[in-house]
Amino acid sequence: MLMQVQRVVLNSRPGTNGVPVPENFRLEEITLVPDLKDGEVHVRTLYLSVDPYMRCRMNEDSGAEYLTSWQLSECLDGGGLGVVQTSRCRSFTEGDVVTSFNWPWQTQAIVKGNALQKVDPQLADGHLSYFLGAVGLTGLTALLGIREKGNVTKGADQTMVVSGAAGACGSLAGQIGRLDGCARVVGICGSDEKCKTLKEDLGFSAAVNYRREDVAVRLKESCPDGVDVYFDNVGGPISDAVISQMNHCGHVVLCGQISQYNKDVPYPPPLSEQTEETLQSRSITRERFVVLSYMSKAEAGLCELSQWIKSGQIKVLETVVSGIENIGGAFCSMMAGGNIGKQIVKI
């Protein structure tokens with residue numbers, strides 16, 4: 001039986017200013033023939049994820065060896081979750097909930113079974129979208145980034161600063177830093193509403209609105225003993241301000257550089273001479289963190305995240321947009337800071 005399905009393709013690459021617009025994406029209707037070959041699975045999409053790293057995939061060269069660029073007029077892909085309709089793969093049966101890092105942006109699709117991973121809805125406390133965020137690669141990035149690069153020590157009276165703190169990864173990183181033993185956790189974000197959420201809902205010690213406050217001055221007030229750990233999601237002048245207040249032998253977890261993604265610069269972008277000098281003179285470590293290098297620790301990490309969520313020790317924030325036709329707008333809004341927590345598209 002032939003089926004009409006919708007998909008999203010890359011219509012154009014961002015223009016000279018590098019800022020993506022919804023018109024870069026195009027919705028198409030195609031005919032799907034659910035005639036499965038051995039090892040294939042027919043899936044119906046439930047949720048798709050849009051994430052800052054995808055901005056790099058919009059370029060002809062993504063700038064990262066582990067990220068393939070999206071091709072013009074071809075179906076886009078990323079983190080996704082859905083349910084098995086029919087299967088010719090022994091690992092999956094009808095009704096299984098499955099996820100993939102390379103899920104096609106289609107309402108339904110035929111995919112190879114070896115690209116899918118079955119998930120247990122109980123791990124996410126029944127919230128299936130969490131598998132694209134808090135109990136998925138986003139949660140693992142926050143947890144393992146802190147564990148592998150942050151050097152947080154219980155009882156050491158450390159101060160952690162998180163930039164992009166109201167985003168998908170930052171909102172989790174701040175809570176994990178607190179649970180792992182940081183005495184103070186300070187978030188940097190882009191609105192008073194987000195600052196209020198960080199302090200009142202997520203347990204941050206303080207929050208700085210970089211759009212209307214002097215970041216350096218507010219950090220001095222919020223981090224009287226300096227900064228020991230910096231979970232960096234944004235790069236640019238905000239990161240320069242944080243690093244200038246870091247203590248000797250501090251640690252930068254280099255997770256993302258969203259402020260630089262629309263610019264034609266290498267990743268990670270070069271630092272100013274002054275910031276480089278600060279890192280060297282104070283023996284501050286700053287190493288790029290790629291969660292895919294630590295997947296041997298994924299299963300244990302996801303179990304720990306699941307337990308924290310079920311017990312209420314971690315609160316999960318999501319901004320949900322409905323309809324595959326709105327995925328381009330959701331992506332552009334997320335890149336401009338329009339989301340609180342994980343940006344999800346419900347199909």
Asp228 and Asn247: side chain to side chain donor-acceptor pair (under 3.5 Å), yes or no, with the steps? CA-CA 6 Å; Asp228 302 295; Asn247 294 325; 2.9 Å; yes
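- With contacts defined as side-chain heavy-atom distances shorter than 4.5 Å, the pair Thr141/Cys169 qualifies.
- Comment: Asp192 engages Arg212 in a salt bridge, judged by a side-chain N to carboxylate O separation of less than 4.0 angstrom.
- No single ILVMFWY cluster, assembled from side-chain heavy atoms under 4.5 Å apart, contains both Met334 and Val321.
- Nearest heavy atom pair, residue Pro104 against residue Leu48, reads O-CD2, 4.1 Å.
- Residues His127 and Val316 are not in side-chain contact: their nearest non-hydrogen atoms beyond the backbone lie 4.5 Å or more apart.
- Listed for the Thr107 side chain is a donor-acceptor partner under 3.5 Å among the backbone atoms of Gln6.
- The residues Arg184 and Asp225 are annotated as not salt-bridged, no charged nitrogen and carboxylate oxygen being separated by less than 4.0 angstrom.
- Residues Asn233 and Gly170 share a closest heavy-atom pair of ND2-CA, 3.6 Å.
- When all heavy atoms of Pro121 and Val119 are compared, the pair lying nearest together is CD-O, 3.4 Å.
- One N or O on the side chain of Ser191 and one on the backbone of Lys194 form a donor-acceptor pair closer than 3.5 Å.
- In this structure, Tyr66 is a member of the same hydrophobic cluster as Val253, with clusters built from ILVMFWY side-chain heavy atoms closer than 4.5 Å.
- Counting only heavy atoms from C-beta outward, the side chains of Met160 and Ile176 never approach each other to under 4.5 Å.
- Linking ILVMFWY side-chain heavy atoms closer than 4.5 Å, directly or via other members, places Met295 and Phe131 in a single hydrophobic cluster.
- Of the inter-residue distances, the one linking Gln85 atom CD with Leu36 atom CG reads 11.0 Å to the nearest 0.5 angstrom.
- Salt-bridge formation is not detected for the pair Glu318/Lys346: no Lys NZ or Arg NE/NH1/NH2 atom is positioned less than 4.0 Å from an Asp or Glu carboxylate oxygen.
- Electrostatic pairing of Asp214 and Lys220 does not count as a salt bridge here, judged by no charged N lying under 4.0 Å from a carboxylate O.
- Scanning both residues, Val21 and Cys332, for their nearest heavy atoms gives C-SG, 3.3 Å.
- Val186 and Val217 fall into different hydrophobic clusters, where Ile, Leu, Val, Met, Phe, Trp and Tyr are joined by side-chain heavy atoms under 4.5 Å apart, directly or via other members.
- In summary, the side chains of Ser49 and Asp51 do present a donor paired with an acceptor at a separation below 3.5 Å, with no hydrogens or angles considered.
- With respect to the salt-bridge test (charged N to carboxylate O, under 4.0 angstrom), the residues Arg218 and Glu221 qualify.
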Decide yes or no on side chain to side chain donor-acceptor pair (under 3.5 Å) for Arg57 and Thr68, but give the supporting numbers first. CA-CA 6 Å; Arg57 300 189 69 190; Thr68 56; 3.1 Å; yes
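- Under a 3.5 Å cut-off, the side chain of Gln245 and the backbone N or O of Ala216 do form a donor-acceptor pair.
- Around atom CG of Asp35, no more than 12 heavy atoms belonging to other residues, nucleotides or ligands sit under 6.0 Å away.
- Distance alone, capped at 3.5 Å, places no donor-acceptor pair between the Thr159 side chain and the Val227 backbone.
- Salt bridge present: Lys297 and Glu148 bring a charged side-chain N and a carboxylate O closer than 4.0 Å.
- Nearest heavy atoms, Pro34 versus His42: CB-ND1, 4.3 Å.
- Between Leu2 and Val33, some side-chain heavy-atom pair lies under the 4.5 Å cut-off.
- Taking each heavy atom of Leu123 and Ser306 in turn, the nearest pair found is O-OG, 2.7 Å.
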Dump the intermediate steps for side chain to side chain donor-acceptor pair (under 3.5 Å) on Ser311 and Gln313, then the final yes or no. CA-CA 6 Å; Ser311 66; Gln313 290 173 279; 2.9 Å; yes
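- Atom CD of Glu29 is surrounded by more than 12 heavy atoms from other residues, nucleotides or ligands within 6.0 Å.
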Can you check side chain to side chain donor-acceptor pair (under 3.5 Å) on Lys342 and Thr319, steps first, answer last? CA-CA 6 Å; Lys342 179 75 177 179; Thr319 298; over 6 Å; no
Worked verdict on Val8 versus Glu325 for side-chain contact (heavy atoms from CB on, under 4.5 Å): CA-CA 8 Å; Val8 176; Glu325 69 277 8; over 6 Å; no
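- When side chains are defined from C-beta on, Ser69 does not count as touching Glu60, because their heavy atoms never get closer than 4.5 Å.
- By the criterion of side-chain heavy atoms lying less than 4.5 angstrom apart, applied directly or through intervening Ile, Leu, Val, Met, Phe, Trp or Tyr residues, Val135 is grouped together with Leu46 in one hydrophobic cluster.
- No donor-acceptor pair closer than 3.5 Å links the side chain of Trp103 to the backbone N or O of Thr45.
- Asp120 contributes a side-chain N or O that, together with a main-chain N or O of Gln122, makes up a donor-acceptor pair within less than 3.5 Å.
- Formation of a donor-acceptor pair under 3.5 Å by the Glu304 side chain with backbone atoms of Ala300 is not found in this model.
- Taking the six-membered ring where tryptophan is involved, the planes of Phe25 and Phe331 are perpendicular, since the angle between them exceeds 60° and thus also 30°.
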What's the verdict on side-chain contact (heavy atoms from CB on, under 4.5 Å) for Thr93 and Ser87, showing C-alpha distance, side-chain angles and the deciding distance? CA-CA 6 Å; Thr93 58; Ser87 171; 5.9 Å; no
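- Screening Leu27, Val9, Val50 for a side-chain contact (heavy atoms from CB on, under 4.5 Å) involving Trp105 leaves a single residue, Val50.
- In this structure, a donor-acceptor pair under 3.5 Å is absent between the side chains of Thr278 and Arg282.
- Judged by distance alone, the side chains of Gln257 and Asp232 do bring a donor and an acceptor atom under 3.5 Å apart.
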List the steps and the verdict of side-chain contact (heavy atoms from CB on, under 4.5 Å) for Leu254 and Lys149. CA-CA 9 Å; Leu254 183 54; Lys149 303 291 185 185; over 6 Å; no
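- Of the N and O atoms on the side chains of Ser272 and Thr275, at least one donor lies less than 3.5 Å from an acceptor on the other residue.
- Tyr294 and Phe289 have their aromatic ring centers within a separation under 6.0 angstrom.
- Contact check for Leu128 versus Val97: side-chain heavy atoms found under the 4.5 Å cut-off.
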Are Arg88 and Glu40 close enough, and set up right, to give a salt bridge (charged side-chain N to carboxylate O under 4.0 Å, His left out), and what steps lead you there? CA-CA 5 Å; Arg88 284 190 65 182; Glu40 288 185 335; over 6 Å; no
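- Heavy-atom contacts from other residues, nucleotides or ligands closer than 6.0 Å to CD of Gln4 number more than 12.
- Side-chain polar atoms of Asn24 and Asn11 form no donor-acceptor pair below 3.5 angstrom.
- Distance alone, capped at 3.5 Å, is enough to place a donor-acceptor pair between the Asn326 side chain and the Ser322 backbone.
- The closest side-chain heavy-atom distance from Val83 to Val43 is not below 4.5 Å.
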Would Thr138 and Leu132 count as a side-chain contact (heavy atoms from CB on, under 4.5 Å) if you check the C-alpha gap in whole Å, the side-chain angles of each, and the deciding distance to 0.1 Å? CA-CA 7 Å; Thr138 307; Leu132 300 181; over 6 Å; no
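- Remark: Lys315 does not engage Asp201 in a salt bridge, criterion side-chain N to carboxylate O under 4.0 Å.
- Residues Asp125 and Lys310 are not paired through a salt bridge, judged by the lack of any N-O separation under 4.0 Å between the basic side chain and the carboxylate.
- Considering only heavy atoms from C-beta on, Ile284 stays 4.5 Å or farther from His251 through its side chain.
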